[in-house]
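A quick write-up on the structure given underneath.
Since we're looking at a predicted model, the values are computed, not measured. Below, chains carry the letters A, B, ... as their sequence lines are ordered, and counting in each starts from 1.
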2 protein chains.
Amino acid sequence: MNTQTELLAIQDVAEATGLSVHTLRYYERIGLIHSIGRAQNTHRRYSMDDVGWIEFLKKLRATGMPIHQMQRYAELQRMGDETLPERLEMLKELRRSVEAHLAELQEHLKIIQYKIELYGEILAERTP
Amino acid sequence: MNTQTELLAIQDVAEATGLSVHTLRYYERIGLIHSIGRAQNTHRRYSMDDVGWIEFLKKLRATGMPIHQMQRYAELQRMGDETLPERLEMLKELRRSVEAHLAELQEHLKIIQYKIELYGEILAERTP
DNA sequence: TCTTGACTTAGAGCGCGCTCTAAGTTGTAG
DNA sequence: CTACAACTTAGAGCGCGCTCTAAGTCAAGA
């Protein structure tokens with residue numbers, strides 16, 4: 001099988017993932033993405049696995065995980081299977097924080113909703 | 001009725017709201033909180049209404065509303081009832097964004113959940 | 001009287017997560 | 001052959017939302 005044809009340039013990955021090329025290089029510099037291949041001309045060549053990992057990173061970020069924790073997670077991933085328990089712990093902790101955040105947002109949504117209804121009623125009274 | 005006894009010093013408000021005194025002064029400087037009374041010695045004196053407004057500000061922040069929008073909202077509030085329609089629009093827009101954020105978080109939570117289960121199974125196999 | 005501590009203002013500084021710039025290299029199109 | 005576009009690295013800069021500092025005022029307690 002020809003793996004060569006599956007390799008993407010940084011611009012392609014930027015378009016595929018929605019991250020900027022700047023951010024992709026930044027993530028690599030700080031250790032979130034590792035061992036990205038280089039073409040003979042030193043240009044980065046991303047595999048499909050790399051893109052999958054980047055998509056996972058995006059999800060971690062979107063849940064509010066801070067960069068330094070993502071760095072730790074990436075480091076553990078690099079270290080291999082014996083770090084599975086620690087990664088599992090990190091994911092469980094993340095789940096806890098996402099669930100808490102969800103609950104908070106739902107509470108606040110109720111208050112916003114209440115206020116919208118209140119304002120709506122006041123406006124309806126004023127211009128019947 | 002003695003309204004004097006209901007007035008709080010900045011430290012009391014910090015404790016009551018969970019915001020720092022620095023943040024309370026900052027919010028006032030940038031126009032999020034307005035017309036906080038002063039004692040003869042120039043010290044701020046917060047009314048219960050002020051505290052209620054600060055609590056509302058906290059909710060707006062917690063839903064992810066950026067400071068500059070909160071400034072706009074506070075400005076409208078100051079301008080009185082004729083700005084009700086615009087404030088209502090802002091709240092509806094906020095509701096949309098909170099709902100979108102909730103949906104995104106719930107999606108990500110599922111993926112985290114899936115990964116936790118996967119890792120759990122792998123670990124269970126390895127140490128039966 | 002003196003010290004302590006809570007307050008005041010104006011403005012500088014900081015941590016986060018990017019985002020951009022500068023200077024240089026390489027490969028392809030005209 | 002030349003021009004251009006896309007890439008490279010190292011490091012500076014930025015927007016946000018605070019957070020802290022400096023210098024000063026004031027009131028209460030030892």
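Rounded to whole Å, the distance from CZ on A:Arg29 to P on C:dT19 is 13 Å. Look at CZ on A:Arg38: it is 17 Å from P on C:dT25, rounded to the nearest Å. As rounded to whole Å, 16 Å separates atom P of C:dA10 from atom OH of B:Tyr26. Atom-to-atom, CE of A:Met65 to C1' of C:dC16 comes out at 16 Å; the value is rounded to the nearest Å. Remark: P of C:dG11 and NE2 of B:His22 are 18 Å apart, rounded to the nearest angstrom. Rounded to a whole Å, the CG atom of A:Asn41 is 11 Å from the P atom of D:dT9. If you measure from atom NZ of B:Lys58 to atom C1' of D:dG17, you get 16 Å, rounded to the nearest angstrom. Distance CD (A:Gln40) to P (C:dG27): 8 Å, rounded to an integer number of Å.
As judged by a 4.0 angstrom heavy-atom cut-off over every strand, A:Arg25 is placed among the base-contacting residues. Within the nucleic acid shown, B:Arg45 has no heavy atom closer than 4.0 Å to any nucleic acid atom. Within the nucleic acid shown, A:Arg61 comes within 4.0 Å of sugar-phosphate atoms alone, with no base atom in reach, counting heavy atoms only.
Comparing B:His43 and B:Gly64 along DNA chain D, the residue whose closest nucleotide (by nearest heavy atom) sits nearer the 5' end is B:Gly64. In terms of position on DNA chain C, the residue among A:His68 and B:Thr42 whose nearest nucleotide sits closer to the 5' end is B:Thr42.
Here the nucleotide nearest the side chain of A:Ala9, chosen from C:dC7, C:dT8, D:dC7, is D:dC7.
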- Task: Begin from the C-alpha positions of A:Leu76 and A:Met90 and carry the test side-chain contact (heavy atoms from CB on, under 4.5 Å) through to its verdict.
- Result: CA-CA 11 Å; A:Leu76 292 173; A:Met90 288 185 77; 3.8 Å; yes
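Grouping the Ile, Leu, Val, Met, Phe, Trp and Tyr side chains by contacts below 4.5 angstrom, directly or via other members, places B:Val21 with B:Ile54.
The pair B:Lys59-A:Glu107 fails the salt-bridge criterion, with no side-chain N (NZ, NE, NH1 or NH2) lying under 4.0 Å from an Asp/Glu carboxylate O.
A donor and an acceptor atom, one from each side chain of B:Gln71 and B:Glu75, are nowhere located under 3.5 Å apart.
At the phosphate of D:dG17, neither OP1 nor OP2 sits under 4.0 Å from any side-chain N or O atom of B:Tyr27.
Between A:Leu57 and A:Leu19 the shortest side-chain heavy-atom distance does not fall below 4.5 Å.
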